[in-house]
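Note that the numbering runs from 1 along the sequence shown for the chain.
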Amino acid sequence: TPTADLAAVSVPVAPKLAGRFPDGINWTNVVWLALMHIGAVAAFWHVSWQALLLFVVFYYLTGCFGVTLGYHRQMTHGSFQAIAPVRALLTLCAMLSGQGSPLFWIATHRKHHAHSDGAEDPHSPNHGFWWSHFLWLQPRDTPERAKAHFQRWAPDFYRSRLQRFLHATYGPFLFLSAGAFYAVGELAWKEGLSVFLWVMCMRIVAVYHVTWFVNSATHVWGYRNYQTPDRSRNLWWVGLLAFGEGWHNNHHAYQRMARHGHRGWEFDLTYNIIRVMKLVGLATEVVDELPDVAKSQLQGEEATNQVPHAA
């Protein structure tokens, strides 16, 4: 039963922390994350109106259009279809988020759904809240392990020579984008450092934590509309910060749905953007009609909220 399944995943199922680093620490990720957070703190001493404006613009372009609309709903779950130029633009926005190549992001997220809150979930709070928030990014993967991961969970993307190229060149892409932000700020307003710190560092850190809260907080706190065999929850403040991703229990119950907010108060910014895209012909085959069984559940008996908290 769903309740039994939830009880089964409520206890820690992972080895001790040291056992989750079979191939050592990914020092590239550790140094990168440290530098971005240092830059975000330094940004408070280098404020300019140009940098703040660009911060807001790129926060939405990379977090909402890139990660949420592009990587997540379109590419991972196929919640809607889009023509190649639109997909290319969404991919560019998502890559600027600093959250990895399409190949990495999509494979990891599909594995999360297949093993949600189980032993093989890449980022379950059953392994510790901070593990699910950001520590899961620190173990090193061997090339062989990474290749097997991509072939198993994103074979459709791995077959693409372009996607393999984007993955292989992702590091240089990020450094080039950092240089581009500095150059634009310096050439346009003599505010290169301010633009770099706010639009690169602060914006990346903000989008990181907003996305990571979906992995951590929405598997710990909130309410449930549906009985799912995991600990996914709906959490209002993550729903607002993460462009509608915080209605996470709804998403786990109906993963292909473009619409994550299933009740009137569950505002989903990303789905509303998809609706506009559909209206102007930029999105087709949108999966947004709730099944009758979901409507019955929402109108009838409430799902239980009694899910044990993370270790």
Side-chain angles (χ1 to χ4, degrees), residues 1-11 13 63-64 67-69 71-73 76-79 108-129 131-133 136 209-272 274 287-311:
T1 66
T3 304
D5 288 338
L6 286 168
V9 300
S10 66
V11 295
V13 291
C64 184
V67 173
T68 302
L69 195 149
Y71 272 2
H72 191 202
R73 303 201 195 186
T76 301
H77 293 294
S79 298
T108 302
H109 191 70
R110 287 175 178 173
K111 183 177 181 181
H112 162 66
H113 275 286
H115 298 283
S116 187
D117 290 321
E120 297 300 316
D121 187 341
H123 43 67
S124 171
N126 284 338
H127 306 167
F129 181 87
W131 174 267
S132 66
H133 194 70
W136 68 275
H209 285 282
V210 164
T211 303
W212 295 345
F213 275 128
V214 179
N215 298 338
S216 56
T218 63
H219 281 256
V220 177
W221 302 299
Y223 65 92
R224 293 164 60 83
N225 285 332
Y226 306 102
Q227 289 281 14
T228 57
D230 54 39
R231 300 174 56 192
S232 58
R233 323 280 286 190
N234 295 325
L235 191 54
W236 70 268
W237 57 269
V238 179
L240 295 179
L241 288 175
F243 323 106
E245 297 289 88
W247 313 119
H248 203 51
N249 173 248
N250 298 346
H251 171 55
H252 271 252
Y254 297 97
Q255 296 170 22
R256 283 207 65 211
M257 288 279 293
R259 169 186 169 192
H260 285 195
H262 293 183
R263 294 186 183 273
W265 64 82
E266 295 171 347
F267 177 69
D268 182 354
L269 175 62
T270 303
Y271 172 59
N272 281 285
I274 294 172
V287 182
D288 59 358
E289 182 62 35
L290 273 175
D292 290 339
V293 64
K295 295 175 183 176
S296 298
Q297 285 180 276
L298 293 175
Q299 294 169 0
E301 206 172 292
E302 295 291 331
T304 179
N305 287 328
Q306 303 303 313
V307 183
H309 279 202

If the test is ring-ring contact (aromatic ring centres under 6.0 Å, His included), which one of His251, His72, His252, His77 qualifies with His112? His252

Apply side-chain contact (heavy atoms from CB on, under 4.5 Å) to residues Cys64 and Thr270 and explain how you reach the verdict. CA-CA 7 Å; Cys64 184; Thr270 303; 3.8 Å; yes

Starting from the C-alpha separation in whole Å, work towards a yes-or-no answer on side-chain contact (heavy atoms from CB on, under 4.5 Å) for Glu266 and His260. CA-CA 8 Å; Glu266 295 171 347; His260 285 195; over 6 Å; no

Does Ser79 reach the main-chain N or O of Arg256 with its side chain, forming a donor-acceptor pair under 3.5 Å? yes

At what distance, to the nearest 0.5 angstrom, does CD1 of Ile274 lie from CG of Asp268? 7.5 Å

With rounding to the nearest 0.5 angstrom, report the CD to CD distance, Gln297 to Gln299. 11.0 Å

Using modelled atom types and a 3.5 Å cut-off, is there a donor and acceptor pairing between side-chain atoms of Asn249 and backbone atoms of Asn225? yes

With a 4.5 Å limit on heavy-atom distance, are the side chains of Leu290 and Met257 in contact? yes

If the plane angle is over 60° it's perpendicular, under 30° parallel, otherwise tilted; pick one for Tyr254 and His262. tilted

Asn272 side chain near Phe267 side chain, heavy-atom distance below 4.5 Å: yes

Do Asp230 side-chain atoms and Asp117 backbone N/O form a donor-acceptor pair below 3.5 Å? no

Smallest separation among heavy atoms of Leu235 and Ala217, with atom names: CD2-CB, 3.7 Å

What orientation do Phe213 and His209 show, parallel under 30°, tilted 30 to 60°, or perpendicular over 60°? tilted

Are any of the side-chain heavy atoms of Tyr71 and Thr211 separated by less than 4.5 Å? no

Roughly how far apart are Trp221 CH2 and Asn234 CG, rounded to 0.5 Å? 15.5 Å

Do the side chain of Trp131 and the main chain of Pro122 share a donor and acceptor less than 3.5 angstrom apart? yes

Show the numbers, then the answer: is there a side-chain hydrogen bond (donor to acceptor under 3.5 Å, both in side chains) between Ser132 and Asn215? CA-CA 6 Å; Ser132 66; Asn215 298 338; over 6 Å; no

In Å and rounded to the nearest 0.5 Å, what is the OG1 to CD distance from Thr218 to Glu245? 9.0 Å

Looking only at heavy atoms, the pair that brings Gly63 and Phe243 closest together is C-CE1, 3.4 Å

Is the backbone of Glu289 close enough, under 3.5 Å, to the side chain of Arg259 for a donor and an acceptor to pair up by distance? no

Under the criterion ring-ring contact (aromatic ring centres under 6.0 Å, His included), I'd like the reasoning laid out for His219 against His123: C-alpha separation, chi angles, the key distance, then a yes or no. CA-CA 10 Å; His219 281 256; His123 43 67; 7.6 Å; no

Minimum heavy-atom separation for Val214 and Ala242, please, with both atom names. CG2-CB, 3.9 Å

Of the non-hydrogen atoms in Trp247 and Trp265, which two are nearest, and what is the gap between them? CZ2-O, 4.3 Å

Atom pair CH2/CH2 of Trp136 and Trp212 - distance to nearest 0.5 Å: 9.0 Å

From CA spacing to verdict: side-chain contact (heavy atoms from CB on, under 4.5 Å), His248, Arg231: CA-CA 10 Å; His248 203 51; Arg231 300 174 56 192; over 6 Å; no

